[in-house]
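First the proteins, then the strands, lettered A, B, ... as listed; each starts at 1.
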Amino acid sequence: MLDPRLLRESPDTVRAAIAKKHLDLDLDAVLAIDTAWRTQLAEVEQLRSKQKAANNEMVALRKGSPEFLAKVQEMKAVSAEVKAREEGLKGLEEKWQQAMLTLPNIPHATVPAGRTPEDNQICATQGDVAAVSALAVPHWEIPGFERLFDFARGAKVTGAGFPFYVGDGARLVRALVQFFLHEGVAAGYTEVNPPILVNAASATAVGQLPDKEGMMYETTPDHLYAVPTAETPLTNFFRDEIVDEASLPVCRCAYTPCFRREAGSYGKDVRGLNRLHQFDKVELLKWVHPSQSYAELEKLRLDAERLLQKLELPYHVLLMCGGDMGFAQAKKDDLEVWAAGPKRWLEVSSCSNFEAFQARRAQIRFRNTATGKPELVHTLNGSGLAVPRVLAALLENNLQADGRVKIPAALVPYFGKEYLSFQ
RNA sequence: GGAGAGGUGGCAGAGUGGUCUAUCGUACCUGACUCGAAAUCAGGCGUGCCCGCAAGGGUACCGUGGGUUCGAAUCCCACCCUCUCCGCCA
């Protein structure tokens, strides 16, 4: 959520943000709702003030005296009016809330203009894409693939997009998760193992509810939600709290399975391990002092990049343009790994600075020791990394002539051997 | 799952219909005393929202949401959470 004061004092800033993100929304309507709400609020508060004053007078009167009874009669009318107007105020407040939630975060000045993925800026490319492409095929076409990644049985047991990982497949998933967590801890993130079901309040605080995209699985009868990312429980860790300024930045990493319904995305890149309903991911998350958030974003992205470097996978970094960066982010860098089989780039990490946008909605603050007042923290997060797409890239880029897959040196201690076998 | 107890500010803990603008304590901040500190004394000390250039004013918040009433921390209803005991369970 945006700062309502920004909307009132500098509506043109908000207008420019809406344009840069290529959103279609009527800011004047939002401004009108804001004015109406504030007017109504002032009226109700004035009436309540009247009630309070009368109450103090009545305390001094003898109960049951004519003056007292007259006052009761008088206040009955005021009470009825307060009740009626409060109803209207409540309606306006809900409209105000909803209107405010439609306003996107303001993109940072360094975010390039643009509408589509083609307008994203390629900042850096690491590794030799041509070198790995020679004998590569899409990973789902590698002989023996379905022995290690059993989609058919997953579909029988659960549904499409819920594969079984078997033998070296399962072993590689475990190795990657372990590797990512160890590297995260080494980079200064505290490891957390969070709940993977969250309540509606948590899902709402990070903007996943109301469920516009059909993203989450909901459980019955308790109405808990399977997390689409560890960001959900992790960000909520400090919800409605005031953290110590001296403790910032707080850096944490967490492994969770992630559950996504992906309603409406059928037919788009669904082959193999590219898009699953359940997958494993290690998430990196930071709560930082507002003055440090862009420096911390750089560090966060470098922490994620280092993982790809150690895995010797070619990748590039994209600075997302205004139209492609998402609603809540102020700045977003994507890491895409080279998939040698289909010869395309796969997103394996999105490193984002939300500034105070998430923190305002989740009410995560720190006490500014200089002013003594609470202020919103800035929140950042990024994958470090998503397992299946990294796994797919490893299979395709490292496939040997004998049908085995060479495990990168950094991963061998976790995997326990130098080659993965489809036998 | 069953029975009982409870949820009040950073912590602790009073308040059972009307000066509650929430007592007292503690922690914390400032000042006095002191060479300095401790102890002691004096003062200050929650969060959100609205109005205001500001000083300041107003209003809300006692687990959450409803209700009763001229008036609710206090009474009624529903829900959530915590603790104790019993049952079940890896």
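Across B:C45 and B:C29, the matching C1' atoms stand 7 Å from one another, rounded to whole Å. To the nearest whole angstrom, the two C1' atoms, one in B:G1 and one in B:C50, are 48 Å apart. One C1' atom belongs to B:U26, the other to B:A14, and the distance between them is 15 Å to the nearest Å. Comparing B:A12 with B:A3, their C1' atoms sit 30 Å apart, to the nearest whole Å. A distance of about 10 Å separates the P atoms of B:U21 and B:U59, rounded to the whole Å. Spacing of P atoms, B:A60 relative to B:U64, comes out at 16 Å, to the nearest Å. For the C1' atoms, the distance linking B:U34 with B:U40 amounts to 12 Å, nearest Å. B:G67 and B:G57 are spaced 32 Å apart, taking the C1' atom of each and rounding to whole Å.
Nucleotide B:C50 holds its C1' atom 9 Å from the CZ atom of A:Arg38, rounded to whole Å. We find that CD of A:Gln363 is positioned 10 Å from C1' of B:U47, with the value rounded to whole Å. A:Ile242 has its CD1 atom 11 Å from the C1' atom of B:G9, to the nearest Å. Computed from coordinates, the A:Met100 CE to B:C49 C1' distance equals 13 Å when rounded to whole Å. Rounded to whole Å, atom C1' of B:G1 lies 14 Å from atom CG of A:Asp222. Summarising the geometry, the separation between CD on A:Glu43 and P on B:U59 is reported as 16 Å, rounded to the nearest angstrom. One atom, CG of A:Leu7, and another, P of B:C50, lie 11 Å apart when rounded to the nearest Å. Summarising the geometry, the separation between CZ on A:Arg8 and C1' on B:C51 is reported as 11 Å, rounded to the nearest angstrom.
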Enumerate all atom pairs, one protein N or O and one N or O from nucleotides 53-58 of chain B, separated by less than 3.5 Å.
unit_1	atom_1	unit_2	atom_2	d
B:G58	O3'	A:Ser49	OG	3.4
B:G58	N2	A:Glu45	OE1	3.0
B:G58	N2	A:Glu45	OE2	3.4

Under 3.5 Å, which N/O atoms of the protein pair with N/O atoms of nucleotides 76-79 of chain B?
none

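Among the nucleotides B:G18, B:U47, B:C49, the one closest to any side-chain atom of A:Pro374 is B:U47.
Partners of A:Tyr414 according to the ring pair (Phe, Tyr, Trp, His ring centres under 6.0 Å) rule, which considers only residues two or more places apart in sequence or in another chain, are A:Phe179, A:His182. A search for ring pair (Phe, Tyr, Trp, His ring centres under 6.0 Å) contacts involving A:Trp140 returns nothing, not counting sequence neighbours.
In this structure, A:Glu296 pairs ionically with A:Lys299, as a charged nitrogen and a carboxylate oxygen lie closer than 4.0 Å. Checked for salt-bridge contact, A:Lys50 and A:Glu74 miss the test: no charged N lies under 4.0 Å from a carboxylate O.
Within 4.0 Å of A:Trp96, counting heavy atoms only, lies no atom of the nucleic acid at all.
No donor-acceptor pair under 3.5 Å is formed between the side chain of A:Arg404 and the backbone N or O of A:Ser421. A distance-only check finds no donor-acceptor pair linking the side chain of A:Arg85 to the backbone of A:Val44 [under 3.5 Å].
Among residue pairs with one or both ends in residues 174-184 of chain A, those qualifying as salt bridge (charged side-chain N to carboxylate O under 4.0 Å, His left out) are A:Glu183-A:Lys310; sequence neighbours excluded. Under the salt bridge (charged side-chain N to carboxylate O under 4.0 Å, His left out) criterion, the residue pairs touching residues 11-36 of chain A are A:Arg8-A:Asp34, A:Asp12-A:Arg15, A:Arg15-A:Asp28, A:Asp34-A:Arg38, with sequence neighbours excluded. Within the structure, every pair that satisfies the ring-ring contact (aromatic ring centres under 6.0 Å, His included) test and touches residues 237-259 of chain A, not counting sequence neighbours, is listed here: A:Phe238-A:Trp287. Under the salt bridge (charged side-chain N to carboxylate O under 4.0 Å, His left out) criterion, the residue pairs touching residues 151-167 of chain A are A:Asp150-A:Arg153, with sequence neighbours excluded.
Summary of the strand contacts: A:Pro4 and A:Arg367 both lie near RNA chain B, and taking for each the nucleotide with the nearest heavy atom, the more 5' one is attributed to A:Arg367.
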Just list the side-chain donor-acceptor pairs under 3.5 Å for residues 185-196 of chain A, sequence neighbours left out, or say none.
unit_1	atom_1	unit_2	atom_2	d
A:Tyr189	OH	A:Asp303	OD2	2.6

Show me, pair by pair, the donor-acceptor contacts under 3.5 angstrom made by side chains of residues 325-333 of chain A, not counting sequence neighbours?
unit_1	atom_1	unit_2	atom_2	d
A:Lys331	NZ	A:Thr110	OG1	3.0
A:Asp333	OD2	A:Arg301	NH1	3.3

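Stem analysis of RNA chain B (Watson-Crick or G-U pairs, both distances under 3.5 Å, runs of at least three) returns B:1-7 with B:80-86, B:28-32 with B:40-44, B:46-51 with B:56-61, B:63-67 with B:75-79.
Geometric assessment of A:Arg171 against the ring of A:Phe415 yields a positive cation-pi assignment under the 6.0 Å and 45° thresholds.
A heavy-atom distance below 4.5 Å is not found between the side chains of A:Val78 and A:Glu81.
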Problem - Per-nucleotide protein contact string for nucleotides 61-74 of chain B, where B marks a base within reach and S marks sugar-phosphate only (heavy atoms under 4.0 Å, - for neither) - result: -----S-S-BS---
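Contact check, A:Arg365 against B:U47: no side-chain N or O comes under 4.0 Å of OP1 or OP2.
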